[in-house]
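The structure displayed is predicted, hence computed values, not measured ones.
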Amino acid sequence: AAWRAAVLRLCHRREDLERLVDERTYELAASMRRYDMLARQSHVATWEVDAEGLYVSFADMAGSALGYKPDEIAGRLHFYDLHPAEGREQIRAFFRELARRGETFTDLTHPVQAKSGETLWFTTSGIPVRDADGRLRGYWGTSTDITARKRAEDALALLARERQQAAERYQTLIRASDTGAWEYHDDTGYMWTSPEYFAMLGRKPSDFPHAPGRRNVEDTWTNLLHPDDRERAWQEFRDYMKRPEGMYQHTFRMSHADGHWVWILSRGQLLRDAEGRRTPVLVGTHIDITDRKRAEQFRELDTRAVQILGQAGEFSQRLDELAALFQEKGELAAVGIRLREGHDFPLAAHRGYTPEHLADCGTVLVLDPQGNPLKDAAGKIQLRCDCGLALAPDAPHRHRHFSAGGSSWTNDIERMVHSGLDPRTEPRDHCVQAGFASVAWIPVRMQGQVIGLLLLHDRRKGRFTLEII
């Protein structure tokens, strides 16, 4: 009876053990299924290689992603065999050095070539596997397919490079075209400006320090506007912000650091978001159109000058009106008109010159005590005044300081008269002494003969261009 009871207990224990094994097996299988599902969803594969890098096992999920069956990899391919040809020797050397040291590695990002030839990207981590004696038997680890993420990152990086290149091209264009860029934020009143924006005004960005995002539109723009333009320019700017249709465009004058006014053509457009909704940001450019404006002014002066000369009345009075017109509309410091009397060209009308200057510059010739013009050994009349540069028959009219019509002009007279071009024997240089910098001498002709000379003077450099002359 005792033996029978012992046998029964053993049978029950066996049944319990079998039931426990079944339960554990089911739990293990369920766990493996859950791991397999998680691995597939996470694109994670498990693998094992020997000490030489030969695959011992390779998860079916990873094999299917690469287009291989597990038995096409395990026992046949090494870890580095799946690497593209370019860089394969480097990854092989990396694994050998890693195995020599027996170290763990984590998050190794590397390309893998699928059976189709397509390049996929994985991030891999592995730990060393050792035998009972501690010798390295190989590595076990996981690899995660990050191809989609890598391609997205590469696309973003490419987009960033393209944007950077576009920004560099934009900056190059801005610098090459002497264009100033600006960006106005209507919600804060902050205006960002490029260095070229201030450079055309003879100023520096450091002269206008403002924290990004803080209101500064008055300091960087409206306070620099010409008083006659300020209200109108600001009103048109606000009108566009309220109804931002098409392009914003306006012209106005801004203050240059040396005191003169720069004509600006301002253009801009309101930015919209991806859905086409308005944003509070207006971006645009400033272009210096001063030379264009001056040329337009002088063309208008030409028309007005004909009208003045055609009026009835004293001719001297009409010449005074003409000199005043050129001085005002040309924004010049001084204007003079010389008319020929014999060999000389005395001033017939003038505006802006000091009495001392007028007293010394009444004649352009070198005179003897009796008031007769002196001649040199070759018989040519000797010149003294700067105006003689345009009247001298032997002046180098092909030089850059001369126009095709024989007008002489310079934006730096002191540099010009010391350049070796001066044909005068007794130069007085009153224009230099009077502080003038930009000077033009324009002959007035009738029937091919020079009968007069128009004088344009300003104390600022850089006032004239060939188009204006």
State, with a plain yes or no, whether a side-chain heavy atom of [X] is found less than 4.5 Å away from one of [Y].
X	Y	result
Val217	Phe237	no
Trp192	Ser194	yes
Met247	Arg267	yes
Leu282	Tyr240	yes
His185	Pro212	no
Leu270	Met241	yes

Checklist entry - Between Lys242 and Asp186, is there a side-chain N and carboxylate O pair less than 4.0 Å apart? => result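 Salt bridge absent between Lys242 and Asp186.
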Q: State plainly whether the residues Glu245 and Arg278 are in salt-bridge range, i.e. N to O under 4.0 Å.
A: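 Arg278 and Glu245: salt-bridged.
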Does [X] use its side chain to pair, donor to acceptor, with the backbone of [Y] at less than 3.5 Å?
X	Y	result
Trp121	Pro111	no
Tyr248	Ser266	no
Asp344	Glu341	no
Arg460	Ser438	no
Asn411	Lys461	no
Arg351	Val335	no
Tyr139	Glu103	yes
Arg230	Thr222	yes
Ser125	Thr142	no
Thr290	Trp263	yes

List the atom of [X], the atom of [Y], and the distance in Å for their closest heavy-atom pair.
X	Y	value
Leu224	Thr220	CD1-O, 3.7 Å
Pro84	Gln113	CA-OE1, 3.9 Å
Leu66	Phe122	CD2-CE1, 4.0 Å
Phe326	Ala305	CE1-CB, 4.5 Å
His250	Phe252	CD2-CD2, 3.3 Å
Ala334	Phe436	CB-CZ, 4.0 Å

Just wondering, are more than 12 heavy atoms of other shown residues or ligands nearer than 6.0 Å to [atom1] in [X]?
X	atom1	answer
Glu275	CD	yes
Glu231	CD	no
Glu86	CD	no
Lys150	NZ	yes
Arg292	CZ	no
Arg214	CZ	no

**Item:** Residues which pass salt bridge (Lys or Arg N to Asp or Glu O under 4.0 Å) with Arg96, listed by chain and number, not counting sequence neighbours
**Value:**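 In terms of salt bridge (Lys or Arg N to Asp or Glu O under 4.0 Å), with neighbours along the sequence ignored, Arg96 is linked to no residue.
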inquiry  = Could you work out, with salt bridge (Lys or Arg N to Asp or Glu O under 4.0 Å) as the rule, every residue matching Arg272, not counting sequence neighbours?
reply    =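 If we apply the salt bridge (Lys or Arg N to Asp or Glu O under 4.0 Å) test to Arg272, skipping adjacent residues, there are no hits.
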How long is the gap from [atom1] on [X] to [atom2] on [Y], to the nearest 0.5 Å?
X	Y	atom1	atom2	result
Met191	Asn216	CE	CG	7.5 Å
Leu455	Arg338	CG	CZ	5.5 Å
Trp234	Asp239	CH2	CG	11.0 Å
Trp221	Thr193	CH2	OG1	13.0 Å

*asked:* So, applying side-chain contact (heavy atoms from CB on, under 4.5 Å) with Val262, which one of Lys293, His256, Arg253, His286 is it?
replied: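 The single option meeting the side-chain contact (heavy atoms from CB on, under 4.5 Å) with Val262 is His256.
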Any residue meeting side chain to side chain contact (heavy atoms under 4.5 Å, CB included) with Arg151, in chain and number order, not counting sequence neighbours
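Once residues adjacent in sequence are excluded, the partners of Arg151 under the side chain to side chain contact (heavy atoms under 4.5 Å, CB included) criterion are Glu118, Leu120, Thr147.
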Item to complete: For Glu314, check side chain to side chain contact (heavy atoms under 4.5 Å, CB included) against everything at least two apart and list the hits.
Response: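 Counting only residues at least two positions away or on another chain, Glu314 forms a side chain to side chain contact (heavy atoms under 4.5 Å, CB included) with Ser316, Gln317.
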Contacts of type side-chain hydrogen bond (donor to acceptor under 3.5 Å, both in side chains), residue Ser407, not counting sequence neighbours:
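side-chain hydrogen bond (donor to acceptor under 3.5 Å, both in side chains) check on Ser407 returns nothing, list empty.
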### Message
Using the side-chain hydrogen bond (donor to acceptor under 3.5 Å, both in side chains) criterion, which residues pair with His226? Sequence neighbours excluded.
### Response
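Testing His226 for side-chain hydrogen bond (donor to acceptor under 3.5 Å, both in side chains), a comparison that skips the adjacent residues, returns none.
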| message | Walk me through whether Leu108 and Ile91 qualify under side chain to side chain contact (heavy atoms under 4.5 Å, CB included). | response | CA-CA 11 Å; Leu108 171 66; Ile91 201 72; 4.2 Å; yes
- Item | is_close_aromatic(Phe94, His83), centroid dist under 6.0 Å |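 No: the rings miss the under 6.0 Å criterion.
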